[in-house]
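Chain letters run A, B, ... following the sequence lines, proteins first and then strands; every chain starts at 1. The basis for the numbers below is simple: all heavy atoms, side chains too, and nothing from hydrogens, waters or symmetry mates.
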2 protein chains.
Amino acid sequence: MVTVTAGRVPFPAGHPPTPATVHSVWADNQEHDPRGERTPRPEGTRRRATIHDVAQLAGVSRQTVSRAVNDKGEIDPATKERVLEVARLLEYRPSRFARGLVRKGAVTAGLVIPDLMNPFFPEVAAGVLEAAEERGWQVVVWDSRTDENRELQALDKFSHQADAVVGYFKNPDDVLARHLGGVPTVVLERGPHQTRFGAVGIDAAAGVEQGVAHLVRAGHRRIGMLDGDRSDAPGPRREAFLAAVRQHGLAVDRSWVVPSPEHSVAGGEAAMAQLFDARPELTAVFGFNDLIAVGAMRAAARRGLRVPDDLAVLGFDGLSLGELVEPALSTLHIDKRRLGRLAVEQVARLSAGQEPLTGADAWVIPELVVRASA
Amino acid sequence: MVTVTAGRVPFPAGHPPTPATVHSVWADNQEHDPRGERTPRPEGTRRRATIHDVAQLAGVSRQTVSRAVNDKGEIDPATKERVLEVARLLEYRPSRFARGLVRKGAVTAGLVIPDLMNPFFPEVAAGVLEAAEERGWQVVVWDSRTDENRELQALDKFSHQADAVVGYFKNPDDVLARHLGGVPTVVLERGPHQTRFGAVGIDAAAGVEQGVAHLVRAGHRRIGMLDGDRSDAPGPRREAFLAAVRQHGLAVDRSWVVPSPEHSVAGGEAAMAQLFDARPELTAVFGFNDLIAVGAMRAAARRGLRVPDDLAVLGFDGLSLGELVEPALSTLHIDKRRLGRLAVEQVARLSAGQEPLTGADAWVIPELVVRASA
DNA sequence: AACGTTCACGTGAACGTTCACGACCCCCGC
DNA sequence: GCGGGGGTCGTGAACGTTCACGTGAACGTT
């Protein structure tokens with residue numbers, strides 16, 4: 001702990017200030033008051049104090065100031081205290097740029113999240129944060145709101161400000177590549193052969209197969225699906241669903257799957273209403289994710305149908321929210337935190353030039369959790 | 001679009017490479033290397049190419065390279081293309097440190113969140129992100145997991161790497177101040193007179209009063225409270241609760257409030273069980289937040305009590321999750337996104353030397369949302 | 001033919017910090 | 001009296017960019 005003589009800049013004998021000191025600094029800085037409170041300053045735009053200012057006012061060299069603020073050895077305790085006091089007076093804070101320039105190793109990663117309101121993503125973000133922290137990285141977060149243009153804005157930033165990027169993207173590879181000039185990148189939820197970047201994700205097919213098998217096992221043969229909002233590409237979950245129902249010999253085709261306008265409860269509710277109209281005979285429905293599945297449950301309730309007796313509902317994600325609804329949601333649980341961790345591990349390998357994770361190491365397999373809804 | 005001759009470095013006539021070019025680059029990277037890397041190439045850890053390397057290999061000056069990569073004018077298209085090609089070849093990416101050193105204005109803010117799994121915080125984070133983005137700031141996120149030590153770790157990082165800090169903290173002011181050497185800081189959820197930093201938050205008292213009044217209006221006179229985990233300080237919500245019940249003349253004292261071990265459904269469930277034992281006669285309960293309130297509902301269901309007939313439950317936060325449970329949760333809704341926005345506005349004022357927001361501008365007032373549970 | 005203009009490009013100098021040295025002082029031992 | 005050594009402190013020189021200039025050459029214009 002350092003005790004300080006407040007309000008006074010100490011100049012012990014033997015270290016007289018050079019004639020230039022005080023004056024030149026104040027000349028730069030205007031009046032005397034460091035914080036200046038309300039008055040004459042050009043509205044809070046004072047030049048930030050540098051290590052040089054501190055050195056000059058304290059009557060020492062830059063190096064000594066550096067020694068003081070980084071508390072290294074080779075400095076007299078009295079000097080250190082004095083320097084620190086001056087630093088406080090001037091509100092000196094070392095420039096992270098200058099510092100980063102000379103000592104390398106500070107890594108910052110960019111994380112692009114489609115929707116912070118969807119509980120799925122904060123959890124993978126938590127995984128990313130964990131793993132990044134263990135590596136000493138810092139991560140800056142960007143909410144793209146599932147907007148292609150905002151994704152590109154993010155990349156335009158990150159290509160300048162980040163050493164690595166992970167995230168969810170709707171844009172195709174080539175567009176992405178054009179906006180992130182060479183930064184190592186890992187895209188989530190895109191098959192390893194569907195991307196030129198690093199990739200991790202969930203094994204959608206494995207999950208969907210388990211889900212459909214479970215429903216069939218329970219006697220369902222007329223199963224619908226509420227897909228995500230992928231208006232363009234069909235998406236692996238839908239593909240896997242269609243493959244699975246075909247494999248089980250069900251009389252279900254693509255007219256049994258309707259896309260949800262958005263990845264939310266409201267979206268799922270709307271899509272379910274639509275599906276009810278199209279296929280009133282269905283007895284079970286598979287949701288693209290838990291939010292949509294919950295929406296399906298609400299739509300069923302609105303029609304006076306009972307879950308799971310009149311309609312079995314199966315989700316995908318394993319949000320803890322699923323345990324709270326009535327009845328509790330059966331779902332394919334994903335280890336979202338692990339997913340996030342994998343993403344940073346993958347991008348770390350990429351930027352280190354190591355060979356990427358593949359197969360089961362990069363693709364987490366959903367686990368069927370049977371609760372009340374199916 | 002730029003078409004490139006892959007695998008070959010083009011040297012158009014009139015721009016012959018100086019004899020030094022290719023060779024000197026490798027010479028720089030190995031022999032002459034001042035850093036003296038002992039191993040010839042420690043597996044993908046080659047020194048990152050600088051603007052100088054690109055300039056040399058392309059046979060132009062640094063400035064021209066700069067012009068090319070930042071696509072400014074004053075450059076011949078052919079030269080630009082050639083430089084870009086070399087840059088790609090060398091995997092050149094400008095150093096954000098060197099760049100930040102010379103052009104100021106890149107602000108990064110640190111955000112400390114206690115628990116990403118609690119849906120409350122992602123939403124205020126979304127607000128922070130929004131407002132930061134509008135200012136051109138980038139924000140790096142840290143999950144403190146409600147751990148005092150981790151809070152300090154965050155500050156130790158941010159004091160070096162960030163220009164501003166906002167977040168939730170359990171640590172007292174003086175401890176915080178010691179770890180964030182002079183960085184402008186805004187703490188959330190701490191009264192303006194309880195902190196020396198900037199502060200924004202919610203007007204807990206106003207919220208609690210509305211809630212208690214609502215319960216009393218519905219005829220309840222034996223009201224309990226499930227507090228947060230503040231083992232040390234009582235916390236403003238509890239204080240406000242006790243004041244409100246006293247004002248309404250209820251025979252309720254501090255034995256009617258039990259702290260939840262954690263801010264979660266499970267915590268609320270446990271706390272509610274405890275409260276049932278202590279005060280079996282209660283007819284209504286006020287939750288510290290929605291998660292805890294939902295826990296109370298589950299505890300009630302487990303005892304065969306019906307909500308709201310046997311036990312009215314009131315939450316605090318207004319999570320969208322509250323609409324999903326059965327019965328839907330009555331709560332005091334908080335504009336969490338606005339809260340986040342206010343935080344960055346406040347810290348922006350702080351770092352600009354402007355006077356901070358106060359009163360109704362800095363303290364968002366909860367709004368009573370009556371649903372089924374109370 | 002002399003002169004201005006534009007275009008394409010290069011040259012120090014800054015930005016703020018740390019690192020590798022070297023200088024100085026004081027005290028000790030012989 | 002001299003060498004040596006530990007403790008303090010200062011001095012260029014990096015680090016990788018951008019900025020404000022300066023320099024030619026090519027091309028008109030009068």
Worksheet item: Which pair of non-hydrogen atoms, one from B:A162 and one from B:V183, has the smallest distance, and what is that distance?
Response: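 Of all heavy-atom pairs spanning B:A162 and B:V183, the closest is O-CG1, 3.8 Å.
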Atom [atom1] of [X] and atom [atom2] of [N]: how far apart are they, to the nearest Å?
X      : N      : atom1 : atom2 : answer
A:D76  : C:dC25 : CG    : P     : 16 Å
A:R99  : C:dC19 : CZ    : C1'   : 14 Å
A:R67  : C:dT17 : CZ    : P     : 16 Å
B:N70  : D:dG16 : CG    : P     : 17 Å
B:L101 : C:dG16 : CG    : P     : 7 Å
B:F97  : D:dT17 : CZ    : P     : 12 Å
B:R62  : C:dT11 : CZ    : P     : 8 Å
B:Q56  : D:dG16 : CD    : C1'   : 14 Å

Between [X] and [N], does any side-chain N or O lie under 4.0 Å from OP1 or OP2?
X      : N      : result
A:K104 : C:dT18 : no
B:S66  : D:dT17 : no
A:T64  : D:dG10 : yes
A:T79  : D:dC9  : yes
B:K72  : D:dT18 : no
B:S61  : C:dG10 : yes
B:K80  : C:dA8  : no

Does the structure show a Watson-Crick or G-U wobble partner for [N], both distances under 3.5 Å? Name it, or say none.
N      : answer
D:dT30 : C:dA1
C:dC30 : D:dG1
C:dG12 : D:dC19

Side chain of [X] (C-beta onward), nearest among [options]:
X      : options                : value
B:S95  : D:dT17, C:dG16, D:dC19 : D:dT17
A:Q63  : D:dC19, D:dG10, C:dC15 : D:dG10
B:R103 : C:dT18, D:dC19, C:dG16 : D:dC19

Practice prompt. Report which part of the nucleic acid B:R96 touches: base, sugar-phosphate, or nothing (heavy-atom distance under 4.0 Å, all strands).
Written response: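 Nothing, no nucleic acid heavy atom in range.
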Without swapping roles, check the side chain of [X] against the backbone of [Y] for a donor-acceptor pair under 3.5 Å.
X      : Y      : value
A:R48  : A:R93  : yes
B:N171 : B:L176 : no
B:Q346 : B:A199 : yes

Worksheet item: How do A:I51 and B:P77 order along DNA chain C: which one's closest nucleotide is nearer the 5' end?
Response: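 Residue closer to the 5' terminus by nearest nucleotide: B:P77.
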Item to complete: Taking only Lys NZ, Arg NE, NH1 and NH2, and the carboxylate oxygens of Asp or Glu, determine whether B:K170 and B:D147 approach each other closer than 4.0 Å.
Response: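 The answer is no: the pair does not qualify as a salt bridge.
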Practice prompt. Ignoring hydrogens and angles, answer whether the base of D:dG16 and the side-chain atoms of B:R48 contain a donor-acceptor pair closer than 3.5 Å.
Written response: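 Per atom types, no contact qualifies.
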Discussion item. Need to verify one output field. Residue with the more 5' nearest nucleotide on DNA chain D, B:P94 or A:E74?
Written reply: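 Nearest-nucleotide comparison on DNA chain D picks A:E74.
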Ignoring hydrogens and angles, write down the donor-acceptor pairs under 3.5 Å from the side chains of residues 130-139 of chain A, residues two or more places apart or on other chains.
| unit_1 | atom_1 | unit_2 | atom_2 | d |
| --- | --- | --- | --- | --- |
| A:E130 | OE1 | A:R341 | NH1 | 2.6 |
| A:E130 | OE2 | A:R337 | NH1 | 2.5 |
| A:E133 | OE1 | B:R150 | NH1 | 3.4 |
| A:E133 | OE1 | B:R150 | NH2 | 2.9 |
| A:E133 | OE2 | B:R150 | NH1 | 2.6 |
| A:E134 | OE1 | A:R341 | NH2 | 2.8 |
| A:E134 | OE2 | A:R341 | NH1 | 3.3 |
| A:E134 | OE2 | A:R341 | NH2 | 3.1 |

